[in-house]
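Notes for the one structure printed next.
Note that the coordinates shown come from a computational prediction; the quantities given were computed from them, not determined experimentally. Chain identifiers are assigned alphabetically (A, B, ...) following the order of the sequence lines, protein sequences preceding nucleic acid strands; residue numbering begins at 1 within each chain.
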Amino acid sequence: MTTPTNFDRIYALIRRIPIGKVASYGQIARWLGWPRGARTVGWALRALTDDAGDVPWHRVINSQGRISLDAEGTRIQRELLEAEGVTFDSAGRIDLKTYAWVGPAPWETADEP
DNA sequence: CAAGTGACGTAGA
DNA sequence: GTCTACGCCACTT
């Protein structure tokens with residue numbers, strides 16, 4: 001790290017994604033205040049890997065429930081997610097209806113209904 | 001300051 | 001279902 005940037009905010013948010021859930025780039029961008037800054041999120045993740053040992057980057061996917069990485073990265077991400085209980089369909093996609101994170105909601109720390 | 005870049009998103013063909 | 005084109009924002013050089 002060189003100088004603190006909004007990237008830190010991205011990482012912090014990704015760290016809050018619960019196990020077994022996934023979020024899309026655009027979704028994260030909106031929570032951070034950039035309605036259309038999905039690319040910036042991807043950029044942050046791209047720059048990550050370096051010092052992001054504790055950032056669950058594999059929980060971030062695109063709006064189609066697909067992985068935008070190359071074959072190698074996709075394979076790794078898939079394994080990491082499957083290890084958390086996330087399942088993929090034949091097309092290698094994730095069921096967003098089941099695994100999409102709703103966002104940093106209060107019930108995250110509250111009791112269930 | 002300007003240009004280039006990027007793991008996206010959406011719309012249209 | 002696929003592919004193409006443009007727009008968006010933040011970071012680096």
Under the 3.5 angstrom rule, does the side chain of A/S24 hit a backbone N or O of A/I61 as a donor-acceptor pair?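 Here the side-chain-to-backbone pair does not exist.
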Which nucleotide in the set C/dC11, C/dC9, B/dC8 lies at the smallest distance from any side-chain heavy atom of A/T40?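 Closest of the options to the side chain of A/T40: C/dC9.
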Less than 6.0 angstrom from the centroid, inside 45 degrees of the normal: does A/R78 satisfy that with respect to the ring of A/F88?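 Because its charged atom sits under 6.0 Å from the ring centre and within 45° of the axis, A/R78 does stack over A/F88.
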Please state whether the base of B/dG9 and the side chain of A/R39 form at least one donor-acceptor pair under 3.5 Å?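 Flag unset: no donor-acceptor pair detected.
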May I have the distance from [X] (atom [atom1]) to [N] (atom [atom2]), rounded to whole angstrom?
| X | N | atom1 | atom2 | value |
| --- | --- | --- | --- | --- |
| A/W57 | B/dA7 | CH2 | P | 13 Å |
| A/R66 | B/dA7 | CZ | P | 16 Å |
| A/I67 | B/dG9 | CD1 | P | 13 Å |
| A/L45 | B/dG9 | CG | C1' | 16 Å |
| A/R36 | B/dT10 | CZ | P | 9 Å |
| A/I14 | B/dC8 | CD1 | P | 13 Å |
| A/Y25 | B/dG9 | OH | C1' | 12 Å |
| A/L32 | C/dC8 | CG | C1' | 15 Å |

For the [atom1] atom of [X] and the [atom2] atom of [Y], what is their distance to the nearest 0.5 Å?
| X | Y | atom1 | atom2 | result |
| --- | --- | --- | --- | --- |
| A/D8 | A/R15 | CG | CZ | 8.0 Å |
| A/L69 | A/R46 | CG | CZ | 9.0 Å |
| A/I14 | A/Y25 | CD1 | OH | 8.5 Å |

Find out whether A/L32 and A/T40 are in side-chain contact, i.e. whether some heavy atom of one side chain is under 4.5 Å from a heavy atom of the other.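 No, too far: nothing below the 4.5 Å cut-off.
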May I ask you to evaluate whether A/W34 reaches the phosphate of C/dA10, defined as a side-chain N or O under 4.0 Å from OP1 or OP2?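 For C/dA10, OP1 or OP2 has a side-chain N or O of A/W34 closer than 4.0 Å.
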For B/dT10, take OP1 and OP2 only and decide whether either is under 4.0 Å from a side-chain N or O of A/S63.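 Yes.
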Under a 4.0 Å heavy-atom cut-off, which of residues 68-84 of chain A touch DNA chain B?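 By residue number: A/S68, A/L69.
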What residues from residues 90-100 of chain A pass a heavy-atom cutoff of under 4.0 Å to DNA chain B?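 Residues of residues 90-100 of chain A under 4.0 Å from DNA chain B: none.
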Taking A/E84 first and then A/R59, would you say they form a salt bridge - that is, a charged N and a carboxylate O separated by under 4.0 Å?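 Salt bridge between A/E84 and A/R59, a charged N being under 4.0 Å from a carboxylate O: yes.
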Would A/I19 and A/Y99 show up in the same hydrophobic cluster when neighbours are defined by side-chain heavy atoms closer than 4.5 Å?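 In one cluster: no.
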If you assign A/W43 and A/S24 each to the DNA chain B nucleotide with the nearest heavy atom, which residue ends up on the more 5' nucleotide?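 Its nearest nucleotide being more 5', the pick is A/W43.
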Need to verify one output field. Residue with the more 5' nearest nucleotide on DNA chain B, A/Q64 or A/G42?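 This one resolves to A/G42.
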Can you tell me if A/R36 has over 12 outside heavy atoms packed within less than 6.0 Å of its CZ?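 It does not: A/R36 CZ has 12 such atoms or fewer within range.
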